[in-house]
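Take a look at the structure below.
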Amino acid sequence: MPDELPIGYYHTNFCKLLAFVQNRYHDLLTHAERACIDDFHDLTPDAQRLFVRLLTRKGPLYRSDRLAYEEIGETEKALDELSSAGFVFALSRNDGEHEWHRIGVSNAEFPEAADEESKGNNGLDTEAVEVSQASAVDVSDVSVEGASKDAVLALLTRHELIALLKTGSTSRRSQLVAEATQLPVAAIVQHLPFRVVMTRRLQEVTCFRLLFFGNTHQNLTEFVLRDLGVAPYETYTIDETSRFFTCRDHVEEVRRAYEISDHCHHLLETPDVTHIERFAGDFPEQISVRATRLLDRTRNQMARQLERMQAEDAALAIYQQSQTHPARERQVRLLIAGDCLGDALLLVNRMLAEPWNEDELEFAYLSKHRILKKLGQPTTPPVRCQPIVNDLVLEAETDLRVEELVRRHYEQQGYQAHYVENALFPGLFGLLFWDVIFSHQPGVFFNEFQRGPVDMFDSRFVSSRQPLIDECFISLSSGNYRHRIRSTFRHKFPAVNYFVHWGMLDEVLLETCLDRIPADHLASVFRRMLRDLRNNRSGFPDLIVFPPGSGYELIEVKGPGDALQKHQRRWFGHFERENIPARVAKVEYAS
DNA sequence: ACCCACCACGCAGTA
DNA sequence: TCGCGTTTAG
DNA sequence: TACTGCGTGGTGCTAAACGCG
Ligand SMILES: [Mn+2]
Ligand SMILES: [Mn+2]
């Protein structure tokens with residue numbers, strides 16, 4: 001792992017990203033996107049580098065005097081070039097109000113978004129796929145990118161603000177900005193000692209990122225962190241032929257879904273029933289699973305906010321459109337609270353027939369019992385496991401988490417004790433199933449920056465890798481799993497993945513676990529995890545303790561007033577059925 | 001008005 | 001002068 | 001006891017530079 005990156009590393013990385021997009025997605029690109037790539041390559045090296053530098057910095061506004069880079073010879077020239085090629089706006093004090101207005105800087109309180117390409121529906125090539133009408137909901141008002149008077153003022157230092165206001169005041173920056181906002185644009189801009197640079201074509205670049213990574217949260221720093229050895233990724237076989245997106249409609253959907261979810265996030269900051277109801281009730285129809293899930297999660301969040309604002313009917317209406325947990329659970333709660341027991345029962349029966357996950361199923365059992373009881377019909381409460389509870393009286397210690405307190409308590413009793421929570425069993429799972437997780441399968445690895453295959457958390461993970469999974473369980477019977485886990489731990493450290501949090505494990509803990517935990521216990525835990533990897537990755541007990549000699553026990557620590565959570569309870573039910581030693585340590589403080 | 005974001009967890013308040 | 005939060009770079 | 005809202009802490013490096021107060 002090199003400590004140093006080659007000069008121009010960021011530019012190389014961006015070019016790799018572009019090349020990937022062009023090779024793999026040429027047919028899905030719009031005119032504007034293709035032009036963006038072509039125009040970029042027509043730029044001189046300096047201009048290319050400068051544009052990428054801008055992309056890796058916080059924008060969209062920059063001051064030209066803060067764009068000095070050793071490897072970029074003439075910044076001002078590069079800026080001019082970027083400006084005429086349409087990659088940036090670069091405005092100076094010599095530009096008139098009209099120019100500033102174009103980038104959103106104007107005297108009006110809410111300037112019209114002037115940046116035409118930000119709302120433009122980029123026309124598609126005749127050879128390219130048509131964008132479906134279904135996704136043609138107007139979200140231009142949520143995707144406005146552009147500057148503002150305040151954004152320009154944010155570029156100024158305190159001293160520059162003072163000079164601008166011609167006050168000798170010693171007020172704090174925010175106060176100065178508030179005063180300066182009152183000034184007309186012309187006055188603010190009049191003496192700017194630098195050019196204000198605004199990146200353009202961000203829509204296109206965002207789309208390239210989405211096509212490359214398959215999401216919006218990964219970016220160019222992934223390359224850097226990998227190349228520095230900070231977050232190396234496993235080297236798996238990348239499928240040349242299959243892609244994250246197979247048609248333009250899906251790209252548009254996912255992009256729009258991200259925009260909508262962003263916008264909702266902002267709506268939640270100043271919640272207003274009518275706004276939320278109107279916006280969240282009118283999400284576009286989705287075809288792709290990814291966009292659907294994203295929007296459903298957003299629906300759930302918005303509806304939850306409506307609940308908090310006592311808008312129950314509005315919340316119900318939103319939940320009804322969501323196919324993602326806990327939409328039906330929330331509906332049932334609302335229906336019961338509103339005394340619509342008949343409707344609640346209907347929904348509960350649908351949940352029982354086709355539960356979305358175990359959490360929902362459990363809730364359905366419980367609420368069916370409650371509804372029937374309210375209706376005066378005969379019913380029995382669902383049985384729940386009764387974990388063994390140990391009461392512990394300990395001296396409270398400041399600055400120590402209760403888990404750590406109990407861990408030390410066990411240590412004082414001569415136990416080896418580790419605070420592992422979700423790092424242990426999922427970690428062992430990841431180590432044993434490593435080769436399964438990263439095995440070559442059609443259409444699951446698309447780029448070099450994945451923590452696992454795309455189907456990691458849906459049922460296809462198991463169904464399409466059954467023989468490989470069987471092998472792992474065979475190794476558990478034969479005893480070979482120990483070697484497998486050890487060797488993965490040594491050889492794969494510190495590769496990024498979904499299950500192994502390297503920092504939480506060490507060889508001592510690992511060896512003790514391999515020595516003390518019977519293979520069939522591991523097997524039964526792994527089987528339950530595999531039933532639903534998304535949800536059964538968590539809920540594991542806080543501690544694992546090893547008494548002197550032999551054996552082990554899992555300990556869930558509970559401070560005063562804390563109780564088992566639902567997913568923790570489900571694991572305890574599993575431990576009970578499988579004779580896996582586990583108990584709750586209930587702490588009281590001696591005072 | 002993009003001030004992480006997401007999630008798991010603990011805790012304290014409420015019925 | 002110094003500590004703090006933010007931004008940047010590798 | 002269940003449910004809820006809220007706060008916190010981890011994940012997902014780290015050193016250096018800069019503006020601020
Ligand atoms: Mn815990
Ligand atoms: Mn606990």
Side-chain angles (χ1 to χ4, degrees), chain A residues 1-10 13 52-54 56-60 62 66-71 104 110 113 141-148 150-151 154-161 170-176 215-232 258-259 261-270 297 301 304-305 307-308 326 329-330 333 336-337 363 366-367 370 381 384 401-403 421-423 426 451 494 496 498 501-504 534-535 537-542 556-569 587:
Chain A
M1 319 283 171
D3 272 343
E4 277 179 20
L5 300 176
I7 292 169
Y9 68 92
Y10 55 93
N13 295 338
V52 182
R53 282 289 192 190
L54 294 178
T56 62
R57 283 173 55 166
K58 201 185 165 192
Y62 316 82
R66 302 264 166 88
L67 298 177
Y69 294 99
E70 268 182 28
E71 77 282 7
F110 296 108
D141 59 326
V142 307
S143 63
V144 168
E145 44 156 13
S148 63
D150 282 353
L155 296 175
L156 301 178
T157 64
R158 214 179 80 99
H159 281 297
E160 287 162 341
L161 283 170
T170 52
S171 10
R172 39 168 44 85
R173 220 199 100 94
S174 53
Q175 177 64 34
L176 295 170
N215 59 55
T216 57
H217 64 265
Q218 285 179 296
N219 54 42
L220 287 173
T221 66
E222 299 292 331
F223 286 90
V224 178
L225 294 181
R226 179 197 57 182
D227 296 340
L228 287 172
V230 172
Y258 274 113
E259 281 171 2
S261 107
D262 270 4
H263 182 62
C264 284
H265 205 255
H266 293 293
L267 277 184
L268 291 181
E269 280 167 20
T270 44
R297 290 174 59 131
Q301 286 169 17
R304 198 68 186 76
Q305 182 58 35
E307 282 191 65
R308 287 188 202 105
E329 172 178 333
R330 298 311 311 174
R333 287 186 191 282
I336 292 177
F363 171 81
L366 186 64
S367 53
R370 285 185 194 149
R384 295 203 322 180
R401 299 190 55 156
V402 65
E403 294 88 352
E421 216 156 57
N422 294 325
R451 299 163 72 177
V496 179
Y498 284 115
H501 302 297
W502 299 98
M504 306 283 291
R534 185 189 298 282
N535 296 302
R537 261 189 311 171
S538 60
F540 288 96
D542 296 312
E556 172 54 39
V557 179
K558 287 301 171 196
D562 188 21
L564 283 183
Q565 298 176 27
K566 285 205 285 179
H567 61 324
Q568 292 176 331
R569 187 175 289 280
V587 176

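Nothing here was measured: the structure is a model prediction, and the numbers come from that model. Just so we're on the same page: letters track the sequence lines, and every chain starts at 1.
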With 3.5 Å as the limit, what N/O pairs link the protein to nucleotides 5-8 of chain C?
from: C:dT7; atom 1: OP1; to: A:Lys58; atom 2: NZ; distance (Å): 2.9
from: C:dT8; atom 1: OP1; to: A:Arg57; atom 2: NE; distance (Å): 3.3
from: C:dT8; atom 1: OP2; to: A:Lys58; atom 2: N; distance (Å): 3.1

Pairs: protein N or O with nucleotides 4-7 of chain B N or O, under 3.5 Å:
from: B:dC7; atom 1: OP1; to: A:Arg297; atom 2: NH1; distance (Å): 3.2
from: B:dC7; atom 1: OP1; to: A:Arg297; atom 2: NH2; distance (Å): 2.6
from: B:dC7; atom 1: OP2; to: A:Arg297; atom 2: NH2; distance (Å): 3.1

Check the interface with nucleotides 1-3 of chain D: list each N/O to N/O pair with the protein under 3.5 Å, or write none.
from: D:dA2; atom 1: OP1; to: A:Arg384; atom 2: NH1; distance (Å): 2.4
from: D:dA2; atom 1: OP1; to: A:Arg384; atom 2: NH2; distance (Å): 2.8
from: D:dA2; atom 1: O3'; to: A:Arg370; atom 2: NH2; distance (Å): 3.3
from: D:dC3; atom 1: OP1; to: A:Arg370; atom 2: NH1; distance (Å): 3.3
from: D:dC3; atom 1: OP1; to: A:Arg370; atom 2: NH2; distance (Å): 3.1

Which protein N or O atoms sit under 3.5 Å from an N or O of nucleotides 11-15 of chain B?
none

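A distance of about 14 Å separates the P atoms of D:dG10 and D:dT14, rounded to the whole Å. The P atoms of C:dT6 and B:dC4 are separated by 7 Å, rounded to the nearest whole Å. Between B:dC2 and D:dC18, the distance separating the two C1' atoms is 24 Å to the nearest Å. For the C1' atom pair drawn from B:dC3 and C:dG5, the interatomic distance equals 13 Å after rounding to whole Å. Distance noted for atom P between B:dA5 and C:dT7: 14 Å (whole Å). If you take atom P in D:dA15 and the same atom in B:dC6, they sit 28 Å apart, rounded to whole Å.
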Structure string for DNA chain B in dot-bracket form, Watson-Crick and G-U at under 3.5 Å, | interchain
....|||||||||||

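Among the atoms of the strands shown, none is found under 4.0 Å from any heavy atom of A:Tyr10. Contact annotation for A:His567: backbone-only contact, meaning every heavy-atom pair under 4.0 Å involves sugar-phosphate atoms and none involves a base. Using a 4.0 Å heavy-atom criterion, one finds that A:Asp542 contacts the sugar-phosphate atoms exclusively.
Atom CG of A:Leu156 is separated from atom CZ of A:Arg173 by 7.0 Å, given to the nearest 0.5 angstrom. Rounded to the nearest 0.5 angstrom, A:Glu259 CD and A:Asp262 CG are separated by 8.0 Å.
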Contact state string [nucleotides 7-14 of chain D, B base, S sugar-phosphate only, - no protein heavy atom under 4.0 Å]
----SSB-

One character per nucleotide, please: for nucleotides 16-21 of chain D, 5' to 3', B when the base has a protein heavy atom closer than 4.0 Å, S when only the sugar-phosphate does, - otherwise.
---SSS

So A:Glu222 and A:Arg226, side chain to side chain contact (heavy atoms under 4.5 Å, CB included) or not? Walk me through it.
CA-CA 6 Å; A:Glu222 299 292 331; A:Arg226 179 197 57 182; over 6 Å; no

May I have the step-by-step check of side chain to side chain contact (heavy atoms under 4.5 Å, CB included) for A:Asn535 and A:His567, ending in yes or no?
CA-CA 8 Å; A:Asn535 296 302; A:His567 61 324; over 6 Å; no

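The side chain to side chain contact (heavy atoms under 4.5 Å, CB included) check on A:Ser367 picks up A:Val332, A:Ile336, A:Val348, A:Phe363, with sequence neighbours excluded. The side chain to side chain contact (heavy atoms under 4.5 Å, CB included) check on A:Val224 picks up A:Leu5, A:Tyr9, A:Asn13, A:Leu228, with sequence neighbours excluded. A:Ile7 is linked by a side chain to side chain contact (heavy atoms under 4.5 Å, CB included) to A:Glu71, counting only residues two or more places apart in sequence or in another chain. Judged as a salt bridge (charged side-chain N to carboxylate O under 4.0 Å, His left out), and not counting sequence neighbours, the contacts of A:Arg401 are A:Glu403. Take A:Pro541 and apply the side chain to side chain contact (heavy atoms under 4.5 Å, CB included) test, not counting sequence neighbours, and it matches A:Leu554, A:Glu556, A:Phe572, A:Phe575.
Side-chain contact between A:His501 and A:Glu421: absent, with no pair of heavy atoms (C-beta onward) separated by less than 4.5 Å. When side chains are defined from C-beta on, A:Asn422 does not count as touching A:Arg537, because their heavy atoms never get closer than 4.5 Å. Proximity of A:Gln301 to A:Gln305: side-chain heavy atoms (C-beta onward) are nowhere separated by under 4.5 Å. Annotation: side chain of A:Lys566 is not in contact with side chain of A:Arg569 (no heavy-atom distance under 4.5 Å). Between A:Val52 and A:Leu220 there is a side-chain heavy-atom pair separated by less than 4.5 Å. Under the 4.5 Å side-chain criterion, counting only non-hydrogen atoms from C-beta, A:Leu67 is in contact with A:Arg57.
Between the side chain of A:Glu160 and the main chain of A:Thr157, a donor-acceptor pair closer than 3.5 Å is present. Within the 3.5 Å criterion, the main-chain N or O of A:Leu54 finds a donor-acceptor partner in the side chain of A:Tyr62.
Counted within 6.0 Å of CZ on A:Arg308, heavy atoms from surrounding residues, nucleotides or ligands total more than 12; the atom is thus considered enclosed.
A:Asn13 has no side-chain polar atom (N or O) that falls below the 4.0 Å cut-off from OP1 or OP2 of C:dG10. Taking 4.0 angstrom as the limit, A:Gln565 places none of its side-chain polar atoms (N or O) nearer than this to OP1 or OP2 of B:dA8.
One can place CZ of A:Arg304 at 9 Å from C1' of D:dG5, the figure rounded to the nearest angstrom.
In terms of heavy-atom proximity, A:Pro494 sits nearest to A:Trp502 at C-NE1, 3.4 Å. The two residues A:Asn215 and A:His217 come nearest to each other via the heavy atoms OD1-N, 3.2 Å. Looking at every heavy atom in both residues, A:Arg53 comes nearest to A:Thr56 through O-OG1, 2.9 Å.
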